[in-house]
> 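Just passing along the structure, written as structure tokens.
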Amino acid sequence: MPEGHTVARSANHFNKNFAGQITLVTSPQGRFTDSALLDKRELSEAISLGKQLFLRFQEDYLRIHLGIYGKWSHQSGPIFSEPVGQVRARFIAGQQLSDLRGPTICEVIDQDQFRAHLIRLGPDPLWPDFDGSLQDRFVSRAIKSSTPIGQLLMDQSVIAGIGNVYRAEILFRAGLNPFLAGNKVSETKLIEIWADSVQLLRLGVETGVMLTRENFQKLSVSKEDRYQVYKREGLECRVCGGVVSIALMASRKLYWCGSCQK
DNA sequence: CATCGATGTTGAG
DNA sequence: TCAACCTCGATGG
């Protein structure tokens, strides 16, 4: 159940432990019927873009999207324990084993299809942005839209990698009302949101935890203390003491503080 | 033990 | 707009 930082961590794991190696690819569950196409080939590299992970096997790509249920489990050998659950795809190289369970997408695609996905997806705050063009793509897209900013942040073609937790937390940190249309948000504010996304996602990659509170202390790792507003409906806002609200926006739960986020 | 819900997306209507 | 997809840990009785 990842947002972009988790997927980036998976890519890092594959680049560290599998890249450049002949990799066994199987489907213990049997539902990944194309596993044989990749079996015993070199896993060239892993690329994360938003919530999608692409494992390149020379000229072929395995596109993986965990969706809401999917999960990775990694093990180091020489002894591998049998993990619980239905394993869609299993990867083994040397002493490393990775099991993929419950993904929405696990499909082999070619280079053209890979390029199509790159084009379709919006800018990923975790990608290097030396000339600021990724930030520009986000700002210019959001500032033209009459869609609420709370929905724009969940749109993977606007910004890739933000999910329901970061959406709520970023808007709280920006003091921005989620219902405000994108074209009513100032350019300065949009740049601030992009910069905060970069900061938060990087910290998430580094720590493996979604830290969003003021001092980023890991002391706020316990579930009750972790977030500013996410899943805190009916509780006191940590800043103003008002009540945290909840509503459905595009059928996803949205959390915000009505007085901090006017 | 049964039920619920989740950091997500697609596609039918 | 909403059901369907798909898995399993958390929750409650």
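Residue numbering restarts at 1 for every chain, and letters A, B, ... go by the order of the sequence lines.
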> According to ring-ring contact (aromatic ring centres under 6.0 Å, His included), does anything in residues 140-174 of chain A pair up with another residue at least two apart or in another chain? List the pairs.
A:His5-A:Tyr166
> Holding to side chain to side chain contact (heavy atoms under 4.5 Å, CB included), I want the full list of residues that pass it with A:Asn12, two or more places apart in sequence or in another chain.
A:Val205
> Does any pair with a residue in residues 51-61 of chain A pass salt bridge (Lys or Arg N to Asp or Glu O under 4.0 Å), and if so which ones, sequence neighbours excluded?
A:Arg41-A:Glu59, A:Arg41-A:Asp60, A:Glu45-A:Arg56
> Distance between the P atoms of B:dG5 and C:dG13, in whole angstroms?
13 Å
> Work out how far the C1' atom of C:dT1 is from that of B:dT7, and round it to whole angstrom.
23 Å
> Which label fits A:Tyr227 and A:Tyr230: parallel for a plane angle under 30°, tilted from 30 to 60°, or perpendicular past 60°?
perpendicular
> Under 3.5 Å, sequence neighbours excluded: what are the donor-acceptor pairs made by side chains of residues 128-141 of chain A?
{"residue": "A:Asp129", "atom": "OD1", "partner": "A:Gly132", "partner atom": "N", "Å": "3.3"}
{"residue": "A:Asp129", "atom": "OD1", "partner": "A:Ser133", "partner atom": "N", "Å": "3.0"}
{"residue": "A:Asp129", "atom": "OD1", "partner": "A:Leu134", "partner atom": "N", "Å": "2.8"}
{"residue": "A:Asp129", "atom": "OD2", "partner": "A:Gln135", "partner atom": "N", "Å": "3.1"}
{"residue": "A:Asp131", "atom": "OD1", "partner": "A:Ser133", "partner atom": "N", "Å": "3.0"}
{"residue": "A:Asp131", "atom": "OD1", "partner": "A:Ser133", "partner atom": "OG", "Å": "2.9"}
{"residue": "A:Arg137", "atom": "NH2", "partner": "A:Leu121", "partner atom": "O", "Å": "3.1"}
{"residue": "A:Ser140", "atom": "OG", "partner": "A:Asp136", "partner atom": "O", "Å": "2.8"}
{"residue": "A:Ser140", "atom": "OG", "partner": "A:Arg137", "partner atom": "O", "Å": "3.3"}
{"residue": "A:Arg141", "atom": "NH1", "partner": "A:Ser157", "partner atom": "O", "Å": "3.1"}
{"residue": "A:Arg141", "atom": "NH1", "partner": "A:Ser157", "partner atom": "OG", "Å": "3.2"}
{"residue": "A:Arg141", "atom": "NH2", "partner": "A:Ser157", "partner atom": "OG", "Å": "3.3"}

> Could you list, one pair per line, each protein nitrogen or oxygen that sits under 3.5 Å from a nitrogen or oxygen of nucleotides 7-10 of chain C, together with the distance?
{"residue": "C:dT7", "atom": "OP1", "partner": "A:Gln29", "partner atom": "NE2", "Å": "2.5"}
{"residue": "C:dC8", "atom": "OP1", "partner": "A:Gln86", "partner atom": "N", "Å": "3.1"}
{"residue": "C:dC8", "atom": "OP1", "partner": "A:Arg101", "partner atom": "NE", "Å": "3.3"}

> From B:dT10, B:dA6, B:dG8, pick the nucleotide closest to the side chain of A:Lys51?
B:dG8
> What dot-bracket string describes DNA chain B from 5' to 3', counting Watson-Crick and G-U wobble pairs whose defining distances are under 3.5 Å, with [ ] for crossing pairs and | for pairs to another strand?
||||||.|||||.
> Round to the nearest Å and state the distance from A:Leu211 atom CG to B:dT7 atom P.
18 Å
> Does B:dG8 have OP1 or OP2 under 4.0 Å away from a side-chain N or O of A:His65?
no
> How close or far is atom P of C:dA4 from atom CD1 of A:Ile105, stated in whole angstroms?
19 Å
> Would you mind listing every salt bridge (Lys or Arg N to Asp or Glu O under 4.0 Å) that reaches into residues 172-193 of chain A, with sequence neighbours excluded?
A:Arg173-A:Asp196, A:Lys189-A:Glu192
> Just jot down the ring-ring contact (aromatic ring centres under 6.0 Å, His included) partners of A:Phe179, sequence neighbours excluded, or say none.
A:Trp256
> With a 4.0 Å cutoff (strictly under), does any side-chain N or O of A:Arg252 reach OP1 or OP2 of B:dT7?
yes
> With rounding to whole Å, what would you report as the distance between C:dC5 and B:dG13 at their P atoms?
13 Å
> Just to verify, which of A:Asn17, A:Leu38, A:Leu55 counts as forming a side-chain contact (heavy atoms from CB on, under 4.5 Å) with A:Phe91?
A:Leu55
> Does A:Tyr166 put a side-chain nitrogen or oxygen below 4.0 Å from OP1 or OP2 of B:dT7?
no
> Which donor-acceptor pairs under 3.5 Å do the side chains of residues 23-33 of chain A make with protein atoms, sequence neighbours left out?
{"residue": "A:Thr23", "atom": "OG1", "partner": "A:Gln21", "partner atom": "O", "Å": "3.1"}
{"residue": "A:Ser27", "atom": "OG", "partner": "A:Gly30", "partner atom": "N", "Å": "3.1"}
{"residue": "A:Ser27", "atom": "OG", "partner": "A:Arg31", "partner atom": "N", "Å": "3.4"}
{"residue": "A:Ser27", "atom": "OG", "partner": "A:Phe32", "partner atom": "N", "Å": "3.1"}
{"residue": "A:Ser27", "atom": "OG", "partner": "A:Arg88", "partner atom": "O", "Å": "2.6"}
{"residue": "A:Gln29", "atom": "OE1", "partner": "A:Arg88", "partner atom": "NE", "Å": "2.7"}

> Applying side chain to side chain donor-acceptor pair (under 3.5 Å), can you list everything that pairs with A:Ser145, at least two apart in sequence or on another chain?
A:Thr147
> Are any of the side-chain heavy atoms of A:Leu153 and A:Ile193 separated by less than 4.5 Å?
yes
> With sequence neighbours left out, which residue pairs that include part of residues 247-262 of chain A fulfil the salt bridge (Lys or Arg N to Asp or Glu O under 4.0 Å) condition?
none
> Between C1' on B:dT9 and CZ on A:Arg167, what's the gap in Å once rounded to a whole number?
14 Å
> Reading DNA chain B from 5' onward, which residue's closest nucleotide shows up sooner: A:Arg63 or A:Met210?
A:Met210
> May I ask you to list the residues of residues 150-164 of chain A, by number, that have any heavy atom positioned under 4.0 Å from an atom of DNA chain B?
A:Gln156, A:Gly163, A:Asn164
> B:dT7 C1' sits how many Å from A:Met249 CE, rounded?
18 Å
> Using whole Å, what does the distance between atom P of nucleotide B:dG5 and atom NZ of A:Lys231 come to?
10 Å
> Could you state the CG-C1' distance from A:Leu53 to B:dG8, rounded to the nearest angstrom?
16 Å
